[in-house]
Amino acid sequence: MTRKISFSEAVNEAMKLAMRKDPNVILLGEDVAGGATVDHLQDDEAWGGVMGVTKGLVQEFGRERVLDTPIAEAGYMGAAVTAAATGMRPIAELMFNDFIGSCLDEVMNQGAKLRYMFGGKAKVPLTVRTMHGAGFRAAAQHSQSLYALFTHIPGLKVVVPSTPSDAKGLLLASIFDDDPVIFFEDKTLYNMKGEVDEEFYTIPLGKADIKRQGSDLTIVAIGKQVHTALKAAELLKERGIETEVVDPRTLSPLDEETILASVEKTGRLIVIDEANPRCSAATDISALVADKGFDYLDAPIKMITAPHCPVPFSPALEDLYLPTPEKVLRAAAEIIGDETIVTV
Amino acid sequence: MTIAKSQTKSITQEKAKWMYQKMNEIRQFEDKVHEIFSKGVLPGFVHLYAGEEAVAVGICAHLSEKDYITSTHRGHGHCIAKECDLNGMMSEIYGKATGLCKGKGGSMHIADVEKGMLGANGIVGGGFPLAVGAGLTAKLKKTGGVAVCFFGDGANNHGTFHEGINLAAIWKLPVIFVAENNGYAEATPFEYASSCQNIADRAAAYNIPGEIVDGKDVVAVYEAAERAIERARNGQGPTLIECKTYRNYGHFEGDAQTYKSSEEKQKHLQELDAIVRFRKHLLANGLVSEQELMHIEQNVAEAIEKAVEFAENSPFPTEEELLRDVYVSY
C-alpha cells in the first residue's frame, strides 16, 4: 500500500527497514543520533542529523548501531570501508558531499579499489549517503553536486534519486548491494512529498526511469533537475512538442540502453545537470549519445548546466547559477528550429 | 594543568575601551542577525558567535593588519575583532553587492584579506593548515606578523589538527592555535567526541606550550594571548591556547538546542556572561567610567542599526558577477 510521505521520510524508512532486516546494517556519521552521552536528552529529542533525516533511528536501534562520530570524516569513512570489508553493512553519512575533501582518500583509494587490488578477494558493501545541491543559499562549500567526481572512479556506484519513491527503493538496493555506493540526496528535495510503498522494495541500480513519454525531444535530467525537465515538458506541450523525460537514477552504472532508445525515438537531446559543466554527467551522457547514437540525432545535443564557477551565496546569483525551465525552452527552440517556443 | 586567571592590570585604558566596544559590537551584531534571521529575511545558514566574544577580542587585541587569522563557520566575531567593516559584513550576510565578498561568500565565508581575515570556513578543521601557510609567509618574508587559527572543539578531532600543528611546530612558525571549546560540536558534547580532558593537553604531543584559559574572561584571554604571541614573534614557534567558552545560541539558527540543560544555559548566559564581567572589571579597576561605557554601548547600537540599513538599501549583485573572480586571468 502506498501513502504520501516526504523524500526525507522515504530515506528514513529505507534505513529503518534495512536495519530491521539485517543486524549488520549500522549507521554512522556526525550527529546521526545527536547529543551522545547527554544525560537529560531523551532519544526522541535527539537531532537525527542536521536535517532530521535519521531522526528516530537511535530510538529503535540504539546507539550501538546508530553511531555519532566526531567531526572526523577521514576517520569514520575509513572505518566504514573496512567495517564493510570485514562483515558489516554500514551506511556512512557524509553530511554534505562537499566534505568529501576531508575523506576522499578513504573513498577513492581505499573503498573503491579494495576488491580490484585484492584480486576479487574482498567486497565493500558500504553506502555513503550524502547531501548535495544548490538553491539552499548554503554557498560554495555546502551546495555542490559532486556526483561526477565519484562516477569517474571505477569501483564506486553512484545513485542520484529524484523522487521519494525512487529514493526509498534505490537506497534499499544500495544498502544491500555488495559494492560501495555513493547515494546523493538533494537537500532541496527533502520536503517534497510523493506516493511511496510502505513495504520493503528495491529498484535495481543501473535502470533508468522514463518519467514522461514523448516523441519529439528527449531530456535526460539528473536528480532534482528531473523536475525542471518535467516543468519544461509541460510548457513545451503547450507549443505542441512532446518531450520524453529520462531519469537515469544511477550514474554508475549508467543505463545507456534506455537513453539511446529514447534519442533514437525523438532525434533530439537536451541534458540537464546542475553540476559544473566540465567533465560532468552532462558531458558524459552527451558523449555517450554522440559516440553510440550519432545517427539518431536530427540536431546538436544541448546541455543545460551550471556555469563553470563555484556556487555563489547571494540568492540573486544562485538563481542565475541553476538550470531553469526557461533555459530548457531556449535550448529546445534552438534545436527544434522554432523561435516561437521561447515566447511562452 | 590549571586554568589561567587574569592577575594583572595589563590592559591600557585605550585598549580596554576598544575591547569593550568590540565585544559589544559582536554581541549586538549577532543578536541583530538572530532577530533578522527569525523573520526569514536572511538567506542560508548562520552560525552565531554571541557568548564567545572574549576569545576573539582578547586575542585580536594584540593583532594588527599584518597579522592573519583563520576562522570557523562561526566567523562573525572573528571578523569584528579583526576590525572588518560592519556595513560590509552585514551586507555580505544579506547577499548584497556591497558585502565584504560582494555577496558571493555569505555568512559562512565572510572574509577580508586586507584586514588579515582569511575567511570564515564551511569546512570544520579547514583553518589549521591555512594558518600554517600564513605563518610560513610571515616567517619567510620576515614580516614580524603572526597567524592565529581559531577553531572549535569539534575541529580538534579532525585530522588537519594534527597535520597543521605538527607542521607549525617542526618549522617553528609564528602561529597561535586558539581552541574555542564551547562544549558542543553541533549537538555532540566535547567529552563524548574527544579522547582527552582538555584540548590544550594535546599540545604535549607536539612539544609546544598548551594553556587553558577561562574563555569568558577577556582579560585572561588577553594575557594568555600576549604570552603566546610574544613567543611566536620571537621565533619560538606555536602555542595552543584552549579557551573554555559557551555559545549563547544554537549550532546554527533554527537549532532547538535540546542537548543543552537549562541550568548550564542560565549559568553561562547570566552569571558568567563575558561582557557583564568585563564591564564590572573595568568599573572596579577604574579603567573606564560608567558614562563612557554607556556611550560605547549606545554608539555600537547605532552602528549596528546603520549596518542593517546599509545592507537593506544595497543592491544585489548582477549577472556579470557570476563568472567574475573564478580566475585571476579571465
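Reminder, nothing fancy here: chain letters follow the sequence lines and each chain counts from 1. Since we're looking at a predicted model, the values are computed, not measured.
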What is the distance from atom [atom1] of [X] to atom [atom2] of [Y], rounded to the nearest 0.5 Å?
X         : Y         : atom1 : atom2 : answer
Glu320(B) : Leu320(A) : CD    : CG    : 10.0 Å
His251(B) : Asp31(A)  : NE2   : CG    : 8.0 Å
Lys260(B) : Leu41(A)  : NZ    : CG    : 13.5 Å
Cys309(A) : Lys104(B) : SG    : NZ    : 7.5 Å
Ile123(B) : Phe99(A)  : CD1   : CZ    : 5.0 Å
Phe313(A) : Phe45(B)  : CZ    : CZ    : 10.5 Å

Query raised in the report: With side chains defined as the heavy atoms from C-beta onward, is the minimum distance between Glu321(B) and Leu317(A) less than 4.5 Å?
Result: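 Contact flag for Glu321(B)/Leu317(A) side chains = yes.
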Query - Derivation and outcome, side chain to side chain contact (heavy atoms under 4.5 Å, CB included), residues Gln141(A) and His109(B) - result: CA-CA 9 Å; Gln141(A) 294 173 344; His109(B) 308 293; 2.9 Å; yes
Would the number of heavy atoms belonging to other residues, nucleotides or ligands and lying under 6.0 Å from [atom1] of [X] be above 12?
X         : atom1 : value
Phe7(A)   : CZ    : yes
His40(A)  : NE2   : yes
Gln197(B) : CD    : no
Asp325(B) : CG    : yes

Let's test your reading of the structure: which of [options] forms the most heavy-atom pairs below 4.5 Å with chain A?
options                         : value
Gly154(B), Gly105(B), Gly159(B) : Gly105(B)
Glu319(B), Lys102(B), Lys96(B)  : Glu319(B)
Gly103(B), Ala193(B), Gly152(B) : Gly103(B)
Gly122(B), Ser194(B), Gly99(B)  : Gly122(B)
Val326(B), Asn157(B), Thr258(B) : Thr258(B)

Query raised in the report: Within the side chain of His142(A), is there an N or O that forms a donor-acceptor pair under 3.5 Å with the backbone of Gly44(B)?
Result: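 Checking the backbone N and O of Gly44(B) against the side chain of His142(A), no donor-acceptor pair under 3.5 Å is found.
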Against chain A, label [X] side chain, backbone, both or neither, depending on which of its atoms sit under 4.5 Å from a heavy atom there.
X         : result
His158(B) : both
Asn121(B) : both
Phe161(B) : neither
Thr318(B) : backbone

**Report entry** Working for side chain to side chain contact (heavy atoms under 4.5 Å, CB included), residues Glu186(B) and Val50(A)
**Finding:** CA-CA 9 Å; Glu186(B) 300 187 347; Val50(A) 279; 4.0 Å; yes
Report task. Determine the option with the most heavy-atom pairs under 4.5 angstrom with chain B, choosing from Gly34(A), Ala138(A), Ala36(A), Gly101(A). Result ->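 Greatest number of close heavy-atom pairs with chain B: Ala36(A).
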Query raised in the report: Looking only at heavy atoms, which two atoms of Ser314(A) and Gly95(B) are closest? And how far apart?
Result: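 Result for this residue pair: OG-O, 2.5 Å.
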Query raised in the report: Which heavy atom of Tyr259(B) sits nearest a heavy atom of Gly35(A), and at what distance?
Result: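 In terms of heavy atoms, the two residues are closest at CB-CA, 4.5 Å.
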Query raised in the report: With only heavy atoms counted, which part of Ala74(A) is less than 4.5 Å from chain B, the side chain, the backbone, both or neither?
Result: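 Neither part, no heavy atoms under 4.5 Å.
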Query raised in the report: Can the ring centres of Trp47(A) and Tyr184(B) be said to be less than 6.0 Å apart?
Result: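 Centroid separation for Trp47(A) and Tyr184(B): 6.0 Å or greater.
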